[in-house]
Amino acid sequence: MAAGHPALLPCALASLPLAALNMRVRRRLALFLNVPTPVAADWTVLAEEMGFEYLEIRQLEARANPTGSLLEAWQGRPGASVGRLVELLAKLGRYDVLEELLPSIEEDCKKYIKKQQEEESEKPLQVPAVGSSNPQTTELAGITTLDDPLGQMPECFDAFICYCPSDIQFVHEMIQQLEQTNYRLKLCVSDRDVLPGTCVWSIASELIEKRCRRMVVVVSDDYLQSKECDFQTKFALSLSPGAHQKRLIPIKYKPMKKEFPSILRFITVCDYTNPCTKSWFWTRLAKALSLP
C-alpha cells in the first residue's frame with residue numbers, strides 16, 4: 001500500500017467473520033458511506049464490489065441505513081470477512097475510512113477472538129465436526145426414528161424444517177398439507193423425527209447437509225431470537241452460496257412486529273399471510289420442494 005495509507009489487518013484477524021464487528025463500528029462506517037459524494041466511493045460501489053446485483057442494491061436503497069443493511073446481507077454470504085471488507089475499502093480508495101476505523105476494527109477482532117476462546121474453554125466436551133469433507137461419524141449414524149440401527153441406510157428427507165417451538169402448530173399444519181396429502185413429501189421435523197441424546201448442532205448439520213434436499217425456514221418474531229435457528233439458517237446458506245441451488249425456502253406464516261431477517265431478504269418468500277395468494281400457498285411450496 002502506498003506511503004501514508006494505513007496497513008491492512010494482520011492475517012490472524014483478517015480471516016475473522018464479519019460478525020466480529022460490533023454495532024458501533026458499523027454505525028461509524030455508515031456515516032462515511034451512506035451519503036453519496038462525487039469524489040469518493042459510497043456504499044453502492046462497495047455493494048457492487050461485494051457481488052450484489054442491481055436489483056438487490058435498489059432494494060437496499062429503501063433502507064434507512066443502507067450501509068448497515070448491506071453489511072448484514074453480505075455477512076451471510078461466502079467470502080465475507082473483516083479482512084475482505086478492509087481490502088475492498090482500500091481498493092475503492094477509502095483510506096479516510098480505514099484511517100479512522102482500522103484501530104476500532106482491530107479492537108473488535110481481538111475482543112471477538114478472546115470471546116471465542118473463552119466460550120471454547122467452557123465447553124464440557126468436544127463434539128465431532130460435521131462437514132462436506134468429513135465422513136459420517138458413528139455418533140451420527142443413527143439419529144432419526146427410522147434410521148437403520150447399524151447406520152447402513154440413513155433416513156433421507158425432502159426438506160428440513162427450521163422452526164421455533166412456539167411455531168410448532170404451523171409445522172403440524174405443514175405436515176398435514178404436505179405429507180398426508182397426494183404430495184407425499186417427507187419432512188424432517190426435529191421434535192418428531194430426531195432421537196434425543198446427541199448434540200443438537202451436530203445433528204442439524206448432518207441432516208441439513210447430507211439427509212435433506214431442501215430447508216424450509218419458518219420465520220417469525222421468535223425465530224429471530226433463536227440461536228439454534230440462526231445457526232441452522234447460516235449453515236444452510238454456507239452450503240448453497242446466494243441460495244442459487246434453491247436450498248432455502250423462507251415462510252412467513254403470520255404478521256411480524258420485527259424486521260424480516262436480512263440474510264433471507266433476497267430469497268423469494270412463501271407468504272402465508274397474504275389472503276390473495278393463500279389458496280396457492282401449499283401448491284407452490286410443494287412444487288418447490290419437489291424440484292430435483
Side-chain angles (χ1 to χ4, degrees), residues 15-21 26 46-53 55-57 59-60 63 67-85 88 112 116 129-134 156-164 167 171 187-190 199-253 256 258-271 285 288-289 291-292:
S15 60
L16 292 179
L18 208 63
L21 297 185
R26 295 174 186 238
L46 179 62
E48 291 175 357
E49 291 292 335
M50 289 175 172
F52 283 79
E53 298 178 357
L55 292 179
E56 294 176 322
I57 296 174
Q59 288 182 353
L60 288 171
R63 311 300 303 169
T67 300
S69 297
L70 171 65
L71 294 178
E72 289 181 12
W74 188 53
Q75 185 168 305
R77 299 191 175 191
S81 67
V82 177
R84 182 57 180 160
L85 175 63
L88 291 177
Y112 181 84
Q116 294 295 106
V130 177
S132 57
S133 61
N134 297 325
C156 294
F157 303 86
D158 292 300
F160 180 91
I161 311 301
C162 172
Y163 65 96
C164 286
D167 299 320
V171 175
L187 308 180
C188 181
V189 178
S190 57
C199 174
V200 293
W201 312 107
S202 298
I203 290 176
S205 302
E206 171 76 10
L207 290 170
I208 293 168
E209 181 179 12
K210 298 179 180 178
R211 307 264 200 113
C212 299
R213 297 171 54 249
R214 300 280 191 276
M215 185 167 101
V216 173
V217 184
V218 181
V219 183
S220 65
D221 288 325
D222 290 330
Y223 162 90
L224 299 175
Q225 306 301 319
S226 170
K227 292 183 178 179
E228 188 172 347
C229 288
D230 181 64
F231 166 79
Q232 293 171 2
T233 304
K234 290 178 178 176
F235 182 82
L237 279 172
S238 72
L239 298 175
S240 180
H244 291 156
Q245 298 176 24
K246 300 179 181 177
R247 179 178 284 272
L248 263 73
I249 302 175
I251 288 180
K252 179 182 178 182
Y253 84 97
M256 295 176 60
K258 300 177 182 177
E259 188 176 325
F260 201 81
S262 59
I263 59 173
L264 298 175
R265 194 172 294 141
F266 301 110
I267 304 176
T268 303
V269 177
C270 273
D271 191 351
L285 180 57
L289 296 179
L291 292 173

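A quick note: this is a predicted structure, and the numbers were derived from the prediction, not measured.
Separating the CD atom in Gln225 from the SG atom in Cys164 is a distance of 9.0 Å, to the nearest 0.5 Å. Between the CZ atom in Arg77 and the CD1 atom in Ile263 there is a gap of 11.5 Å [rounded to 0.5 Å]. Atom CG in Leu207 sits 11.5 Å away from atom CE in Met215 (nearest 0.5 Å). A distance of 8.0 Å separates CG of Leu85 from OG of Ser81, quoted to the nearest 0.5 Å. Annotation: the span from Asp158 atom CG to Arg213 atom CZ amounts to 5.5 Å, rounded to 0.5 Å.
Proximity of Ile57 to Met50: side-chain heavy atoms (C-beta onward) are nowhere separated by under 4.5 Å. Contact check for Leu224 versus Pro261: side-chain heavy atoms found under the 4.5 Å cut-off. In this structure, the side chains of Leu16 and Leu21 stay at 4.5 Å or more apart for every pair of heavy atoms.
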> Does the pair Leu46 and Trp74 meet the rule for a side-chain contact (heavy atoms from CB on, under 4.5 Å), with working shown?
Replying inline: CA-CA 11 Å; Leu46 179 62; Trp74 188 53; over 6 Å; no
>> Apply side-chain contact (heavy atoms from CB on, under 4.5 Å) to residues Tyr223 and Thr233 and explain how you reach the verdict.
In response: CA-CA 10 Å; Tyr223 162 90; Thr233 304; 2.7 Å; yes
>> Under the criterion side-chain contact (heavy atoms from CB on, under 4.5 Å), I'd like the reasoning laid out for Cys229 against Cys162: C-alpha separation, chi angles, the key distance, then a yes or no.
In response: CA-CA 6 Å; Cys229 288; Cys162 172; 3.8 Å; yes
>> For a side-chain contact (heavy atoms from CB on, under 4.5 Å) check, start with the C-alpha distance between Ser190 and Tyr163, then their side-chain angles and the critical distance, and finish with the verdict.
In response: CA-CA 9 Å; Ser190 57; Tyr163 65 96; 3.3 Å; yes
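Take Ser220 and apply the side chain to side chain donor-acceptor pair (under 3.5 Å) test, not counting sequence neighbours, and it matches Asp167. By the side chain to side chain donor-acceptor pair (under 3.5 Å) test, Glu259 is found to be paired with Arg63, Arg265, residues two or more places apart in sequence or in another chain being considered. Legend: residues meeting side chain to side chain contact (heavy atoms under 4.5 Å, CB included) with Ala73, ordered by chain and number and at least two apart, are Phe52, Phe266. By the side chain to side chain donor-acceptor pair (under 3.5 Å) test, Ser69 pairs with no residue at all, sequence neighbours left out. For Glu48, there are no salt bridge (Lys or Arg N to Asp or Glu O under 4.0 Å) partners two or more places apart in sequence or in a different chain.
Minimum heavy-atom separation, Gly51 to Glu56: O-OE1, 4.5 Å. Minimum interatomic distance between Leu71 and Leu18 (heavy atoms only, all atoms of both residues): O-CD2, 3.5 Å. Across all their heavy atoms, Pro250 and Ile267 have their closest contact at CD-CG2, 3.7 Å. Shown here for Arg26 and Ala19, the closest heavy-atom pair between the two residues is NH2-CA, 3.8 Å. When all heavy atoms of Ala288 and Arg214 are compared, the pair lying nearest together is O-NE, 3.5 Å.
Between the side chain of Arg211 and the backbone N or O of Phe157 there is no donor-acceptor pair closer than 3.5 Å.
Each salt bridge (Lys or Arg N to Asp or Glu O under 4.0 Å) pair with one or both residues in residues 224-236, not counting sequence neighbours, appears once here: Asp230-Lys234.
Put simply, the residue from Leu248, Val269, Ile251 that forms a side-chain contact (heavy atoms from CB on, under 4.5 Å) with Val217 is Leu248.
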